[in-house]
Amino acid sequence: MLSLITSAVWLIAGEGAGFALERGISVLVISCPCALGLATPVAIMVGSGVGAKNGILFKNAASLEETGKTEIVVLDKTGTITKGQPTVTDIIPSAGTDEEYLIKTALALEQRSEHPLARAVIKYGEEHGFTPDGEVTSFEALRGNGLAAVLGGEKHIAGNLRLAETYCDIPEDMKIASEALAEQGKTPLFFCKSERLIGMIAVADIIREESAEAIAALKNMGIRTVMLTGDNERTAKAVGKLAGVDEVIAGVLPGGKEEVVRSLKTRGKTAMVGDGINDAPALTRADIGIAVGAGADIAIDAADVVLMKSRLTDVPAAIRLSRAALGNIRQNLFWAFIYNVIGIPLAAGLWIPFFGLRLSPMFGAAAMSLSSFCVVTNALRLNLVNIFSSKRDRKIKHKHKEDMNMEVTMKIEGMMCGHCEAAVKKALEELPTVQSAEVSHESGTAVVTLTQPTDFELLKKAVEAKDYKVIS
């Protein structure tokens, strides 16, 4: 249409048909949208190729574009931050029970469990020549807590402290021992027989060598890191401290991961990194799901990005590549538009009356080809980007002005000493959505830092369960 208008204007201005046609053809040739049409797809194609060469597979163009906009990265603990190969570190039988009996009972109970911690107990028994103490006659997996089974005609329970306390009395010395183990990043497993505790086995999962490096790189890029786990608060915080994450959300049941990701999405564009079957809903819910290549097939199917080499350092690399591709697309679009803005008026003969400048269709065709060549060449520069180097990392500015952490100040009556402070602090920090609590008996306050919005009544009940009164 612009070409026809150009020819018509020159005809009306009194020029010959040949001259008017030449101007119209020049406009038609130079405004060919090849460069504009190539700007995005060629950058996406080259970016996807660079990712594939480095073991990072983007399933579609949208995933490559969106990954670079990530503001929060949620990391599953077991198998992602850690190696997912836990080992037995401590065996503590209860009074009246020996170590051999505890191990044999644990082997019998864990034989039918698929949990990584159960595999660690079984591996320990096999390596040390122990055999299961009989066969279970019924078995029930209690998701996120442990298991229940009948062994030798008696009901047995194996799992975390929360589960064990509902079935048997836990001596105070065992609770203290479990807390000490949890502080070291170990997971204590309790074993009960007919409402009597027979002992505790601690299991630890080693952190991947590259986890701390990858998390530090993400933080340097201005991205908030969150560790998600079903472990108890103490164990989770110990592992989170070693890994260097900004935030730890512990005590999350398998079905609750998706809810946590949904909540985090309200605070910024969220990527979820996981490897297990129970991570699949969260991977789907996240803005970008990133699966570890060595993980479960269902997690890989649910993800938008797959890390074939199963290295956590590939997460910041994927984000760097996406950012570079986005920048390249913007450059391509800029040059394609600028080329048309300059070239079309020249082709239409706008400058002929002023400077005598005119553009023949042949030169217009050459310029059009050159613009496409420039766009493709610029996109190929992505092959030169070192996606594993942090030298050009820049911190993003979060769109959400509110602080990533939420604080609640509670006015509490009845605290008289440091012991009272410790009791209130412990009660609050045992809640899964509480990151930390700073308690002072002198001011009668507790400043609670939350990882996600929490009903104030839950905080109030936790404090008042310790016989203190929450005023406001």
Side-chain angles (χ1 to χ4, degrees), residues 78 86-182 186-205 229-236 250-257 276-278 430 432 465:
T78 305
T87 56
V88 172
T89 57
D90 301 85
I91 300 169
I92 308 173
S94 294
T97 305
D98 59 32
E99 188 175 299
E100 182 179 351
Y101 177 74
L102 172 59
I103 295 170
K104 286 185 174 182
T105 303
L107 281 174
L109 295 174
E110 302 287 12
Q111 282 290 331
R112 291 169 63 179
S113 174
E114 296 296 327
H115 197 280
L117 300 184
R119 299 293 100 192
V121 173
I122 293 168
K123 183 180 178 182
Y124 179 88
E126 291 173 348
E127 289 176 348
H128 292 79
F130 291 102
T131 55
D133 190 17
E135 289 283 337
V136 297
T137 54
S138 68
F139 178 90
E140 181 186 2
L142 308 172
R143 292 184 66 195
N145 290 303
L147 61 89
V150 175
L151 177 64
E154 296 184 270
K155 186 171 183 178
H156 288 66
I157 293 295
N160 57 30
L161 177 60
R162 182 170 50 194
L163 174 68
E165 283 183 319
T166 62
Y167 283 88
C168 60
D169 292 327
I170 310 296
E172 196 61 32
D173 61 330
M174 278 292 193
K175 289 183 180 180
I176 293 170
S178 72
E179 289 176 1
L181 291 168
K186 300 174 182 178
T187 302
L189 304 175
F190 293 84
F191 295 86
C192 299
K193 173 185 177 181
S194 298
E195 300 181 1
R196 182 178 71 85
L197 181 71
I198 59 174
M200 176 174 63
I201 296 176
V203 179
D205 194 0
T229 178
D231 284 350
N232 66 68
E233 191 79 13
R234 291 177 185 275
T235 301
V252 182
L253 296 175
K257 291 183 178 182
I277 294 172
N278 57 18
E430 283 179 346

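As the structure is a prediction and not an experimental result, all values here were calculated from the model. In what follows, residues are counted from 1 in the order of the sequence shown.
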Atom [atom1] of [X] and atom [atom2] of [Y]: how far apart are they, to the nearest 0.5 Å?
| X | Y | atom1 | atom2 | value |
| --- | --- | --- | --- | --- |
| His128 | Ile91 | NE2 | CD1 | 7.5 Å |
| Glu110 | Ser113 | CD | OG | 5.5 Å |
| Cys192 | Leu163 | SG | CG | 7.5 Å |
| Leu151 | Gln111 | CG | CD | 11.0 Å |
| Asn160 | Leu189 | CG | CG | 8.5 Å |
| Ile198 | Ser94 | CD1 | OG | 7.5 Å |

As a quick check of understanding, evaluate side chain to side chain contact (heavy atoms under 4.5 Å, CB included) for Leu181 and Glu179, giving each step before the final call.
CA-CA 5 Å; Leu181 291 168; Glu179 289 176 1; over 6 Å; no
Would you check, one step at a time, whether the test side chain to side chain contact (heavy atoms under 4.5 Å, CB included) holds for Leu102 with Met200?
CA-CA 8 Å; Leu102 172 59; Met200 176 174 63; 6.0 Å; no
Would you indicate whether [X], at its atom [atom1], is surrounded by more than 12 heavy atoms from other residues, nucleotides or ligands within a distance under 6.0 Å?
| X | atom1 | answer |
| --- | --- | --- |
| Ile277 | CD1 | no |
| Asp169 | CG | no |
| Glu165 | CD | yes |

Apply the side-chain contact (heavy atoms from CB on, under 4.5 Å) test between Phe191 and each candidate in Leu109, Ile103, Ile157; give the one that qualifies.
Leu109
Could you report the tightest heavy-atom contact between [X] and [Y], atom names first, then the distance?
| X | Y | answer |
| --- | --- | --- |
| Thr89 | Val203 | OG1-N, 4.2 Å |
| Pro93 | Glu99 | CG-N, 3.9 Å |
| Pro86 | Ala120 | O-CB, 3.1 Å |
| Leu117 | Thr187 | CD1-CG2, 3.9 Å |
| Ile201 | Ala106 | CD1-CB, 3.8 Å |
| Ala236 | Thr229 | CB-CG2, 3.5 Å |

Tell me which one of Asp90, Asp205, Asp231, Thr235 satisfies side chain to side chain donor-acceptor pair (under 3.5 Å) with Lys186.
Asp90
Answer yes or no: is there a side-chain heavy-atom contact under 4.5 Å between [X] and [Y]?
| X | Y | value |
| --- | --- | --- |
| Val150 | Glu154 | no |
| Cys168 | Arg196 | no |
| Phe139 | Leu147 | yes |

Please confirm whether the backbone N or O of [Y] pairs with a side-chain atom of [X], one donor and one acceptor, at under 3.5 Å?
| X | Y | answer |
| --- | --- | --- |
| Thr105 | Tyr101 | yes |
| Arg234 | Glu430 | no |
| Ser138 | Ala149 | no |

Establish, from distance only, whether the side-chain atoms of Tyr167 and Lys193 form a donor-acceptor pair under 3.5 Å.
no
Looking at Lys104 and Glu100, does any basic side-chain N land under 4.0 Å from a carboxylate oxygen?
yes
